[in-house]
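Notes to accompany the following structure.
Quick note: numbers below take in every heavy atom, side chains included, and nothing from hydrogens, waters or symmetry partners. Position 1 is the first residue of the sequence; numbering continues from there.
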Amino acid sequence: ARLSLERTIDRLDRVARERFRETFEKIRHNFQEVFSGLMAGGEARLALDGDDELEAGIEINARPTGKKMRGVASLSNGERALTAIALLFAIYLVKPSPFCILDEVDAPLDDANIGRFVELLRRFSRQTQFVVVTHNKRTMAAADRLYGVTQEIKGISQIAAVQLDEAASMVN
């Protein structure tokens, strides 16, 4: 029984390592592509930090356009946000999700990067429904539907919804 259990554990370990390596390579490749799309001319890398892939950490390095390759801790808040967004969408390319909530991920982005972020959302919205919590007007303008939460009376929230294409047709 012990030998059988050891063989089973070895087989599971081999399968887990193989699947991890395959998935990691896909995500690594996607991360490079998504990042370079967000930061034209930029480059990003994922690497394992350790010998045992199942126990190793993951090292993330990025080179925004015109800068040196460095770890995420050395990036600006906006660059860090774009790097995290690129990694999230690189994972989505491997394992798409039908639903995603993003809470103020665009807050540290400047106007040029908001445009790139919005374009990425549009591209992925064919397969994923996004709920984006934001205060950014450009991000809101790109939405299909807006929900606003107001609190005219302390402690009592109200929700207002607007379907943007219907609102635009009423104006025209």
Side-chain angles (χ1 to χ4, degrees), residues 23-47 58-172:
T23 303
F24 184 80
E25 283 305 310
K26 289 174 186 175
I27 292 170
R28 190 181 64 74
H29 175 77
N30 293 343
F31 179 55
Q32 292 170 355
E33 286 189 7
V34 174
F35 185 88
S36 66
L38 282 172
M39 294 218 188
E43 181 182 2
R45 295 186 193 133
L46 286 180
I58 297 176
E59 187 177 300
I60 302 170
N61 289 299
R63 185 185 59 77
T65 309
K67 296 187 178 181
K68 292 181 183 179
M69 181 69 75
R70 51 196 168 154
V72 289
S74 302
L75 299 173
S76 72
N77 287 340
E79 292 166 342
R80 245 185 250 165
L82 281 179
T83 303
I85 290 165
L87 182 56
L88 173 68
F89 284 86
I91 293 167
Y92 272 0
L93 284 168
V94 174
K95 182 89 171 141
S97 173
F99 191 74
C100 178
I101 298 173
L102 300 172
D103 188 2
E104 295 193 42
V105 297
D106 59 349
L109 302 180
D110 60 18
D111 283 345
N113 288 326
I114 288 289
R116 292 183 191 107
F117 169 66
V118 165
E119 188 53 42
L120 191 65
L121 286 177
R122 280 191 184 117
R123 189 174 116 209
F124 278 79
S125 67
R126 294 181 198 113
Q127 64 189 15
T128 300
Q129 180 179 2
F130 291 97
V131 174
V132 181
V133 178
T134 186
H135 294 281
N136 188 288
K137 291 178 179 130
R138 288 189 66 198
T139 304
M140 286 185 233
D144 296 327
R145 180 177 293 237
L146 293 176
Y147 293 93
V149 180
T150 62
Q151 195 176 71
E152 292 178 24
I153 301 170
K154 187 175 180 173
I156 302 174
S157 297
Q158 294 182 336
I159 297 175
V162 176
Q163 181 76 26
L164 294 182
D165 57 352
E166 290 174 13
S169 68
M170 286 186 224
V171 173
N172 295 331

Backbone N/O of [Y] and side chain of [X]: donor-acceptor pair under 3.5 Å:
X: R45; Y: Q32; result: no
X: R63; Y: G41; result: yes
X: R80; Y: L75; result: yes

Sub-4.5 Å side-chain heavy-atom contact between K67 and M39: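 The answer is no, as the side chains (C-beta and beyond) never meet within the 4.5 Å cut-off.
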Sub-4.5 Å side-chain heavy-atom contact between Y147 and V131: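 The answer is no; the side chains never approach within 4.5 Å.
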Parallel, tilted or perpendicular, as decided by the 30° and 60° cut-offs, for the rings of F89 and F124: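 Rings of F124 and F89: perpendicular, over 60°.
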F35 and F31 aromatic ring geometry - parallel, tilted or perpendicular at 30°/60° bounds: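 Because their plane-to-plane angle lies in the 30° to 60° range, the rings of F31 and F35 count as tilted.
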Euclidean distance, N136 CG relative to D110 CG, rounded to 0.5 Å: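 Result: 10.0 Å between the selected atoms.
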CD-CG distance between Q163 and D144, expressed to the nearest 0.5 angstrom: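 These two atoms lie 6.5 Å from each other.
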May I ask you to check whether over 12 heavy atoms, not counting those of [X], lie within 6.0 Å of atom [atom1]?
X: R138; atom1: CZ; answer: yes
X: D103; atom1: CG; answer: yes
X: E152; atom1: CD; answer: no

Pairing residues for K26 by the side chain to side chain contact (heavy atoms under 4.5 Å, CB included) criterion, not counting sequence neighbours: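 In terms of side chain to side chain contact (heavy atoms under 4.5 Å, CB included), with neighbours along the sequence ignored, K26 is linked to V94.
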Verdict with supporting geometry, N30 and Y92, side chain to side chain contact (heavy atoms under 4.5 Å, CB included): CA-CA 9 Å; N30 293 343; Y92 272 0; over 6 Å; no
Salt bridge R122-E119, side-chain N to carboxylate O under 4.0 Å: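 Judged by the 4.0 Å cut-off on N to carboxylate O distance, R122 and E119 do form a salt bridge.
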Partner of L38 under side chain to side chain contact (heavy atoms under 4.5 Å, CB included), chosen from L82, T83, T65: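 Testing each of L82, T83, T65 against L38, the sole residue satisfying side chain to side chain contact (heavy atoms under 4.5 Å, CB included) is L82.
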Derivation of the side chain to side chain contact (heavy atoms under 4.5 Å, CB included) call for L121 and L102: CA-CA 11 Å; L121 286 177; L102 300 172; 3.8 Å; yes
Residue pair H29, E33: steps toward the side-chain hydrogen bond (donor to acceptor under 3.5 Å, both in side chains) verdict: CA-CA 7 Å; H29 175 77; E33 286 189 7; 2.8 Å; yes
Residues I85, V34; criterion side chain to side chain contact (heavy atoms under 4.5 Å, CB included); working and verdict: CA-CA 9 Å; I85 290 165; V34 174; over 6 Å; no
